[in-house]
Amino acid sequence: MFDFLTSVPLEKARNLSPVTLAFVGDAVYSLYVRSRLTLSTDFGTGTLQKLTSAEVSAHGQSELLEKIMLKFTQEEEAVFKRGRNAKKATKSKSASVAEYNRSTGFEAVLGYLYLTGQYQRIGELLNNEN
């Protein structure tokens, strides 16, 4: 049976593909943004979807990354670089290659932190984005 909040050892997470980490990180960030917007506004679902899409886009993630990247630990920076430099099977239709690569690195960091159970660290990075 799978426990939703089961974390994996650091070594196992380090050995996962950075694109796989980004796959998980994309969901983590989307859930974070959706939860924050839902709990801080009284907008309808259509508006919530538009606001969420703007934030979770490669462009939006690249902008956020500028604010939080200096807070990365050495380990997080290494995961970011692996994600940024990874060969990706798809390309973004609405972002530059640089933005897409950076957003993949950002998502890889979130996926790594989530899978290793570092939920508080995710909050530190995302709640103190300014």
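Bear in mind that the values here come from a model prediction, so they are computed numbers and not experimental data. All values below come from the heavy atoms of this structure, side chains included, with hydrogens, waters and symmetry mates left out.
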Would you compute the distance between atom [atom1] of [X] and atom [atom2] of [Y] and round it to the nearest 0.5 angstrom?
| X | Y | atom1 | atom2 | result |
| --- | --- | --- | --- | --- |
| Tyr112 | Ile122 | OH | CD1 | 12.0 Å |
| Ser96 | His59 | OG | NE2 | 9.0 Å |
| Asn101 | Phe80 | CG | CZ | 9.0 Å |
| Ser57 | Glu99 | OG | CD | 7.5 Å |

Original post:
Can you check side-chain hydrogen bond (donor to acceptor under 3.5 Å, both in side chains) on Gln49 and Thr45, steps first, answer last?
Top reply: CA-CA 6 Å; Gln49 179 59 37; Thr45 56; over 6 Å; no
Original post:
With distance as the sole test, does Asp26 use its side chain to make a donor-acceptor pair with the main-chain N or O of Ala22 at under 3.5 Å?
Top reply: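 Not confirmed, Asp26 side chain does not pair with Ala22 backbone.
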**OP:** Answer yes when Arg36 and Glu55 have at least one side-chain N-carboxylate O distance shorter than 4.0 Å, and no when they do not.
**Re:**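 Glu55 and Arg36: salt-bridged.
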Subject >> Residues Arg121, Glu76: salt bridge by 4.0 Å N-O rule >> reply: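 Between Glu76 and Arg121 there is a salt bridge, with a charged N closer than 4.0 Å to a carboxylate O.
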**OP:** Just say parallel, tilted or perpendicular for the rings of Phe106 and Tyr29, cut-offs at 30° and 60°.
**Re:**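 Taking Tyr29 first and then Phe106, their aromatic rings stand perpendicular (interplane angle over 60°).
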Is there a path of hydrophobic side-chain contacts, each under 4.5 Å between heavy atoms of I, L, V, M, F, W or Y residues, that connects [X] with [Y]?
| X | Y | result |
| --- | --- | --- |
| Phe43 | Leu37 | yes |
| Val109 | Leu70 | no |
| Val8 | Leu5 | yes |
| Leu10 | Phe72 | yes |

Subject >> Listed partners of Tyr119 passing ring-ring contact (aromatic ring centres under 6.0 Å, His included), at least two apart >> reply: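 With sequence neighbours excluded, Tyr119 shows a ring-ring contact (aromatic ring centres under 6.0 Å, His included) to Tyr114, given in chain and number order.
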Original post:
Pick from Leu110, Thr20, Leu21: which one makes a side-chain contact (heavy atoms from CB on, under 4.5 Å) with Leu115?
Top reply: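 Single side-chain contact (heavy atoms from CB on, under 4.5 Å) partner of Leu115 among Leu110, Thr20, Leu21: Leu21.
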Subject >> For Thr47, all residues meeting side-chain hydrogen bond (donor to acceptor under 3.5 Å, both in side chains), sequence neighbours excluded >> reply: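 Partners of Thr47 by the side-chain hydrogen bond (donor to acceptor under 3.5 Å, both in side chains) criterion come out as none, since no residue qualifies.
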**OP:** Tell me, please, which residues at least two apart from Glu66 pass side-chain hydrogen bond (donor to acceptor under 3.5 Å, both in side chains).
**Re:**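 Listed in chain order: Arg102.
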Original post:
Between Arg34 and Thr38, do the side chains contain an N or O donor and an N or O acceptor separated by less than 3.5 Å?
Top reply: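 Absent: no donor and acceptor within the cut-off.
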Subject >> Closest contact, heavy atoms only, Ser103 versus Gln61 >> reply: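 For Ser103 and Gln61, the tightest heavy-atom pair comes out as CB-OE1, 3.1 Å.
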**OP:** Take Glu75 and Thr73 through the test side-chain hydrogen bond (donor to acceptor under 3.5 Å, both in side chains) and record every step on the way to the result.
**Re:** CA-CA 5 Å; Glu75 180 81 11; Thr73 65; over 6 Å; no
